[in-house]
Amino acid sequence: MLIKRLIMSVPAITDVLTGKHPVGEPITVQGWIRTRRDSKAGISFLAIHDGSCFDPIQAVVPNDLENYQDDVLKLTTGSSVKVTGTLVESQGKGQSFEIQATHVEVLGLVEDPDTYPMAAKRHSIEYLREQAHLRPRTNIGGAVTRVRNTLAQAVHRFMHEKGYYWISTPLITGSDCEGAGEMFRVSTLDLENLPRDDKGSIDYKEDFFGKETFLTVSGQLNVETYCCALSKVYTFGPTFRAENSNTSRHLAEFWMVEPEIAFADLGDAATLAEEMLRYVFKAVLDERADDMQFFQQRVDKTVIERLESVINSEFVRMDYTDAIEILQNCGKKFENPVSWGVDLNSEHERYLAEEHVGGPVVLQNYPKDIKSFYMRLNDDGKTVAAMDILAPGIGEIVGGSQREERLDVLDQRLEEMGLDKEDYGWYRDLRRYGTVPHSGFGLGFERLVAYATGIANVRDVIPFPRTPKSAAF
RNA sequence: UCCCCUGUAGCUCAGUUGGUUAGAGCGGUGGACUGUUAAUCCAUGUGUCGUCUGUUCAAAUCAGACCAGGGGAGCCA
């Protein structure tokens with residue numbers, strides 16, 4: 001009975017390689033071939049991966065299996081197999097366990113090995129991007145996917161342990177006043193035959209929702225409502241920006257973590273962000289040591305020590321005003337001159353994070369004129385309680401603020417920025433009905449994955465990247 | 001969107017001062033060898049030279065436009 005169950009069950013390769021399967025017992029694994037090596041000693045070696053861990057398992061296949069000539073010798077990189085045999089301690093170096101195969105069932109061959117896009121060799125990361133459907137089968141694709149998963153699970157776990165509720169804010173929004181960037185229109189109107197009103201304008205009353213709708217650029221405004229009821233909340237979902245951004249740091253569809261904390265000031269938000277980064281990086285180092293080893297070797301020789309340094313050190317916090325002074329006095333020539341009031345450019349942010357601090361830095365209290373209407377005005381009347389966390393190599397990874405909870409000040413800010421109060425009805429209600437100080441931030445999830453893996457381009461850390469002129473797959 | 005660079009075999013790239021048959025490594029295939037480790041050794045095939053238009057007797061090579069990719073900038077997460 002026990003034996004039968006072992007034969008029937010198909011363990012994940014990670015469990016087999018970590019010693020969770022008894023040696024000497026029957027075993028079956030399923031997966032894809034990474035490499036096949038033939039030995040004239042009368043055996044072939046199959047390296048089989050199933051995505052459950054970085055390393056493939058080795059199956060030793062004797063050439064007296066009845067389908068050796070017809071099937072086994074046809075296996076090439078990418079073929080899928082079901083291998084049955086006995087788990088044994090490996091005679092060779094490089095792995096502790098291997099499978100002495102008694103049956104090899106070919107599930108699917110590669111129809112033309114000559115043109116299979118994924119050779120058992122190094123491919124450029126740009127090429128892999130064009131093969132997004134096969135990319136997850138590669139070492140790097142699998143490793144990124146597992147680390148991304150660990151980060152996402154760790155975010156949820158961290159928030160849960162801290163008593164935060166996950167709020168599913170809508171992806172379709174009716175307000176075009178979110179103000180964080182260009183939006184994608186959501187419509188079921190026939191573009192070839194648009195309905196018109198009396199004035200000849202497009203009649204959105206005829207559209208699906210009876211009004212103009214868009215994909216959200218941020219869940220923040222919506223999640224503030226739940227914050228002002230459940231106190232500690234966050235959103236974690238996709239957001240969409242129709243900006244024509246062509247950089248290694250931008251996607252048209254990306255994921256964002258947005259905590260929102262009631263009864264909290266800017267410092268509380270920065271502390272939460274810092275604790276979260278520590279927590280999730282520690283999870284990655286603990287749970288994905290195999291994948292991180294790979295990134296360290298092949299992608300970025302300093303990733304692991306970088307994550308360790310984030311885990312073990314306090315983030316430097318710096319006021320915008322002090323940062324300006326540092327930039328002005330550092331003796332470095334910048335393309336864009338620095339003076340109080342200007343928005344910092346990449347070169348400035350990079351100098352602060354990479355050279356001046358040498359690690360993540362929390363920049364806070366920016367001039368109000370370069371920030372959003374909802375950020376809380378400081379007592380100086382010139383700055384707002386906003387913060388960005390700048391990470392070396394990536395730039396802005398977190399952007400947050402204390403929200404303006406005073407209705408009169410909020411209204412004045414709306415007016416200053418030429419925004420219509422009427423458009424912010426329910427948002428203003430939060431300030432009219434039991435307003436509380438609250439703060440929050442947005443963490444770009446792909447930037448987080450990029451930072452954690454050392455991969456330079458966010459297009460390589462999301463399964464199917466959407467960027468201007470590109471929505472393949 | 002702006003500036004710069006790139007686009008040649010399945011992949012990574014070399015080359016062509018315009019002129020008969022376009023090269024290498026890797027991968028694939030065949031063989032040798034080996035409890036092998038993206039093995040090693042020998043042999044071997046492969047190309048609308050990104051697309052379109054133009055200049056020319058002749059364009060993969062020159063010019064223009066377009067498309068795609070990369071780096072940087074802006075927007076931001």
Side-chain angles (χ1 to χ4, degrees), chain A residues 33-47 49 55-62 73-74 76-78 88 90-95 98 100 110 112-131 134 138-139 179-182 217-220 236 238-258 273 298 335-336 343-350 370-372 388-391 394-400 441-451 456-460 462 467-470 472:
Chain A
I33 301 293
R34 179 143 289 141
T35 57
R36 188 195 90 224
R37 294 178 295 277
D38 303 320
S39 164
K40 277 298 180 290
I43 49 180
S44 286
F45 299 95
L46 303 178
H49 66 98
D55 286 320
I57 194 165
Q58 174 160 285
V60 184
V61 185
L73 288 184
K74 288 192 182 132
T76 56
T77 303
V88 297
S90 180
Q91 295 173 33
K93 292 171 189 160
Q95 61 279 317
E98 64 189 17
Q100 192 63 46
V110 167
D112 182 3
D114 191 35
T115 56
Y116 181 63
M118 299 288 112
K121 54 165 255 181
R122 193 167 202 162
H123 287 291
S124 71
I125 202 148
E126 293 85 11
Y127 173 74
L128 292 178
R129 205 180 292 154
E130 292 169 11
Q131 310 294 335
L134 300 172
T138 61
N139 282 334
E182 293 294 310
V217 294
S218 162
Q220 183 203 317
F236 186 3
T239 47
F240 307 87
R241 307 237 171 127
E243 301 285 352
N244 193 5
S245 296
N246 294 288
T247 78
S248 57
R249 280 153 272 122
H250 290 85
L251 294 165
E253 177 182 296
F254 66 100
W255 286 62
M256 193 153 59
V257 183
E258 295 178 282
R298 294 297 183 86
E335 300 235 336
N336 303 285
D343 213 348
L344 296 182
N345 295 111
S346 289
E347 54 174 343
H348 309 129
E349 296 184 345
R350 218 178 303 128
I370 58 173
K371 289 292 180 183
S372 301
D388 286 346
I389 298 183
L390 310 176
I394 300 273
E396 185 180 344
I397 194 167
V398 165
F441 63 85
L443 166 70
F445 190 62
E446 282 71 26
R447 290 184 183 177
L448 179 74
V449 181
Y451 187 76
N457 196 317
V458 290
R459 297 171 196 203
D460 302 315
I462 189 168
T467 53
K469 301 279 185 285
S470 173

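None of the values given here were measured: they were computed from a predicted structure. In what follows, every chain begins at residue 1, and chains take the letters A, B, ... in the order their sequences are listed.
With P as the reference atom, B:U44 and B:G54 are 43 Å apart, rounded to whole Å. Taking atom C1' on both nucleotides, B:G50 is separated from B:U6 by 11 Å, rounded to a whole Å. Rounded to whole Å, the separation between the C1' atoms of B:A22 and B:G47 comes to 8 Å. Going from the C1' atom of B:C62 to that of B:A24 covers 27 Å, rounded to whole Å. Comparing the C1' positions of B:G23 and B:A9 gives an interatomic distance of 10 Å, to the nearest angstrom. Remark: the separation of the P atoms in B:U56 and B:U16 is 26 Å, to the nearest Å. B:C2 sits 24 Å from B:A77 when the P atoms are compared, rounded to a whole Å. B:G71 and B:C57: their C1' atoms are spaced 42 Å apart (whole Å).
In this structure, A:R36 CZ and A:K74 NZ are separated by 11.0 Å, a value rounded to the nearest 0.5 Å.
Contact between the side-chain N/O atoms of A:R249 and the OP1/OP2 oxygens of B:A73 is found at a separation under 4.0 Å. Distances shorter than 4.0 Å separate some side-chain N or O of A:S346 from OP1 or OP2 on B:G74. At the phosphate of B:A73, OP1 or OP2 sits under 4.0 Å from a side-chain N or O atom of A:R350.
Put simply, the side chain of A:H348 gets close to the backbone of A:N345: a donor and an acceptor are under 3.5 Å apart.
Counting non-hydrogen atoms under 4.0 angstrom, A:R36 reaches nothing in the nucleic acid. Counting any heavy atom pair closer than 4.0 Å across all strands shown, A:R34 reaches no nucleic acid atom. The residue A:T77 sits apart from the nucleic acid: no heavy atom pair falls under 4.0 Å. Within 4.0 Å (heavy atoms only), A:E258 reaches no atom of the nucleic acid at all. Among the atoms of the strands shown, only primed sugar atoms or phosphate atoms (P, OP1, OP2) are found under 4.0 Å from some heavy atom of A:I397. Among the atoms of the strands shown, base atoms are found under 4.0 Å from some heavy atom of A:F254. Among the protein residues, A:N246 comes within range of the nucleic acid bases, having at least one heavy atom under 4.0 Å from a base atom. Counting non-hydrogen atoms under 4.0 angstrom, A:E98 reaches a base of the nucleic acid. Within the nucleic acid shown, A:S44 has no heavy atom closer than 4.0 Å to any nucleic acid atom. Among the atoms of the strands shown, base atoms are found under 4.0 Å from some heavy atom of A:Q100. Counting any heavy atom pair closer than 4.0 Å across all strands shown, A:E126 reaches sugar-phosphate atoms only and no base atom. Contacts of A:V398 with the nucleic acid, taken as non-hydrogen atoms under 4.0 Å apart, involve only primed sugar atoms and P, OP1 or OP2.
Between A:N336 and A:E347, some side-chain heavy-atom pair lies under the 4.5 Å cut-off.
Nearer the 5' end of RNA chain B, as judged by each residue's closest nucleotide, is the contact made by A:K469, out of A:K469 and A:S245. The residue among A:I370 and A:T35 whose nearest nucleotide of RNA chain B is located toward the 5' end is A:T35.
Taking atom CG of residue A:L73 and atom C1' of nucleotide B:G31, one finds them 13 Å apart after rounding to whole Å. Taking atom CD1 of A:I462 as the reference point, atom C1' of B:A77 lies 12 Å away to the nearest angstrom. Note: OH (A:Y116) to P (B:A38) measures 18 Å, nearest angstrom. One interatomic measurement links the two molecules: CZ of A:R37 to C1' of B:A38, which rounds to 8 Å at whole-angstrom precision. Counting to the nearest Å, the C1' atom of B:A38 and the CD atom of A:Q95 are 14 Å from each other. Between the NE2 atom of A:H123 and the C1' atom of B:A38 there is a distance of 11 Å, rounded to whole Å. Atom C1' of nucleotide B:C75 and atom CG of A:N244 are separated by 10 Å, given to the nearest angstrom. At whole-Å resolution of the value, CD in A:Q58 and P in B:A39 are 11 Å apart.
Paired regions of RNA chain B, where each region holds three or more successive Watson-Crick or G-U pairs whose two hydrogen-bonding distances fall under 3.5 Å, are B:1-7 with B:67-73, B:10-13 with B:23-26, B:28-32 with B:40-44, B:50-54 with B:62-66.
Between A:R34 and A:D55 there is no salt bridge, since none of the side-chain N atoms of the basic residue sits less than 4.0 Å from a carboxylate O of the acidic one.
Nearest nucleotide to the side chain of A:F45, out of B:G74, B:A77, B:G35: B:G35. The side chain of A:S90 has B:U36 as its nearest neighbour among B:U36, B:A73, B:A68. The side chain of A:E396 sits closest to B:A77 out of B:G35, B:A77, B:G71. With distances taken from any side-chain atom of A:E349 to the nucleotides B:U37, B:A38, B:C76, the minimum falls on B:C76. Comparing B:G35, B:G74, B:C11 by their nearest atom to the side chain of A:N345 picks out B:G74. Of the listed nucleotides (B:C75, B:G72, B:G28), B:G28 has the atom at the smallest distance from the side chain of A:P113.
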Fill in: Step-by-step side-chain contact (heavy atoms from CB on, under 4.5 Å) determination, A:T77 to A:V110
CA-CA 8 Å; A:T77 303; A:V110 167; over 6 Å; no

Worksheet item: Checking side-chain contact (heavy atoms from CB on, under 4.5 Å) for the pair A:F254/A:V458: CA distance, chi angles, key distance, verdict?
Response: CA-CA 9 Å; A:F254 66 100; A:V458 290; over 6 Å; no

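In this structure, A:F236 has its ring center closer than 6.0 angstrom to the ring center of A:F445.
Across A:E349 and A:E396, no two heavy atoms sit closer than the pair OE1-N, 4.4 Å.
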